[in-house]
Amino acid sequence: YSSKLDFSNKIFGDWVLETGLQTIFSFRNNIGEYYNKDGNLDIPNALLSNTFKFQENINAGYINAKKSFNHLSVQTGLRVENTMGDVRSTGTVSIPSTLNLNYINLFPTLYLSYKFGGNSLNSLNFSAGKRISRPNYQDLNPSMFFFDRNTSNRGNPLLTPDYSANFDLSYNYRGKLSIGFMYNHTRDKIASVYYQKGEAFVLTSANIDRVLNYGVRGNGSFTIGRWWTSNLYGELVNASYKGIIFNDEHLERSFTAFNLSGQNQIRFNQSLNAEIGGQFRSRRIAAQGTFKPIGQLNMTFQKKLLKGNGTIAIGARDIFHSWIVRREMSIKNADVVSSNTNDTQQIHVSLSYRFGKAFNSRVRKTGIQTEAGRAGV
């Protein structure tokens, strides 16, 4: 359940003041019942069966102020959050039967933008802020979900939110080229990790003490010819992890990786055009795992019909079916290699026809979108 109230008004001349209040109530009640099969009999498994009840109340208030000067735009704000929660579980080994949550956090933000010269095409932008990311509800659920005899997934009701400090500095040239530097420091980072139990591997989530990311990025739009426009993006980022997992596994590793992506619009004539694009990710790390390079190529052809009122599009995603996630991990007692192949290779055909006049409809948000995302909605 969520309710939200926002207010905006001008003060002291051109300053725009925005304030608001929000409250969210979340309830979750999970009963995990497990049985061992013995012929036609279902025998309860007391070691796996559990109940899990979780309730959370988040109350927040914010205030933002912004103003534009001759060349400088300023926006600053502060959000205050109070979180109260209660976790109750039974039948789950090594997890307290009751856990109470009560904490207050402050989240300041600052945005600066300076425009050069008499036009607004060149600008220097800076942003800084603190953010919170709460665990998804399923990541808190202690029930086990089995993929096979030796592989399972289990939530961790002791997960806490992670907090990140973010800084970003970028320069935009004529609206077509942008380069920037980014820095992100996250405390108690929520990450997927494995642990070994006998001959089985269990996937769960845990808080990692510190994760640091910093790097450079750039993107640009280029007109190669009257018929060819290209949009390119690239980033080079160093990621480092440091912390203790499950009280006995020390994690300390760092790696630099890069991402490349692009989209090309090719115009053959007034009615026929194509889009060709894709992305590539280099070798990278994530908590215990090391992901191998991965990439995909996409293509779409579009033709106008019926005097421009109709459109037919034919496209393919991941043409070479190369988006296969391969991961290597070294945990305390084993090395794990996995390969996940999903239905990323797709072919689609669409036909649309436009008639009448277009109109705009106002979309109203209720403030519960973030919580819906935590629930997997």
Side-chain angles (χ1 to χ4, degrees), residues 121-123 125 127 166 168-182 184 213-239 255-286 289-306 308-327 338-354 358 363 369 373:
L121 297 179
N122 304 326
S123 64
N125 307 288
S127 65
N166 306 279
D168 190 281
L169 178 65
S170 65
Y171 175 73
N172 190 293
Y173 176 72
R174 301 185 66 84
K176 293 184 176 181
L177 180 65
S178 175
I179 56 175
F181 173 80
M182 50 190 171
N184 172 278
N213 292 276
Y214 63 89
V216 294
R217 72 179 188 278
N219 64 280
S221 177
F222 309 94
T223 301
I224 302 175
R226 296 182 60 183
W227 54 277
W228 184 1
T229 303
S230 181
N231 297 280
L232 303 175
Y233 174 83
E235 64 179 23
L236 182 68
V237 179
N238 178 270
F255 194 81
T256 300
F258 67 89
N259 295 334
L260 295 174
S261 62
Q263 194 75 17
N264 297 275
Q265 292 84 33
I266 300 176
R267 183 179 180 183
F268 298 104
N269 53 47
Q270 292 289 340
S271 63
L272 179 62
N273 60 74
E275 290 189 3
I276 302 174
Q279 58 178 312
F280 176 81
R281 299 179 185 175
S282 70
R283 188 179 182 89
R284 69 193 56 245
I285 63 172
T290 299
F291 289 88
K292 293 186 176 182
I294 189 173
Q296 66 173 301
L297 180 66
N298 311 313
M299 184 180 299
T300 299
F301 289 90
Q302 182 174 282
K303 183 173 177 58
K304 294 182 179 179
L305 306 171
L306 305 174
N309 291 322
T311 303
I312 183 171
I314 302 175
R317 179 187 175 195
D318 194 9
I319 295 174
F320 301 107
H321 208 186
S322 55
W323 197 260
I324 301 174
V325 181
R326 298 182 176 91
R327 179 170 58 177
S338 66
S339 178
N340 295 331
T341 304
N342 298 310
D343 291 331
T344 55
Q345 188 180 52
Q346 300 174 3
I347 297 176
H348 59 85
V349 178
S350 64
L351 179 64
S352 62
Y353 182 77
R354 184 179 67 251
V363 178
Q369 287 81 9

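Any value given below was found using the heavy atoms of this structure, including those in side chains, with hydrogens, waters and symmetry copies removed.
Only one option out of Gln302, Gln263, Gln265 pairs with Glu275 in a side-chain hydrogen bond (donor to acceptor under 3.5 Å, both in side chains); it is Gln263.
For Leu236 against Thr256, the heavy-atom pair with the smallest separation is CD1-CG2, 3.7 Å. Of all the heavy atoms in Ser230 and Ile224, the pair that sits closest is CB-CD1, 4.1 Å. Counting all heavy atoms, side chain and backbone alike, Phe280 lies closest to Pro293 at CZ-CB, 3.9 Å. The minimum heavy-atom distance linking Gly295 with Ser322 is given by the pair O-OG, 2.5 Å.
The environment of OH in Tyr173 is sparse: at most 12 heavy-atom neighbours from other residues, nucleotides or ligands sit within 6.0 Å. Counting heavy-atom neighbours within 6.0 Å of Asp343 CG, excluding the residue itself, gives a total of 12 or less. Heavy-atom neighbours of Ile347 CD1 from other residues, nucleotides or ligands within 6.0 Å: at or below the threshold of 12. A 6.0 Å sphere centred on NZ of Lys303 holds more than 12 heavy atoms belonging to other residues, nucleotides or ligands.
For the pair Ile276 and Leu297, the minimum side-chain heavy-atom distance is below 4.5 Å. At a threshold of 4.5 Å between non-hydrogen side-chain atoms, the residues Arg283 and Thr290 count as touching. Taking the side chain as every heavy atom from C-beta outward, Arg284 and Val237 never approach each other to under 4.5 Å.
Counted by atom type alone, Trp323 and Asn342 present zero donor-acceptor pairs between their side chains at under 3.5 Å. For Asn172 and Ser178, the side-chain atoms include no donor-acceptor pair closer than 3.5 Å.
The structure places CG of Asn166 at 4.5 Å from CG of Asn184, a figure rounded to the nearest 0.5 Å.
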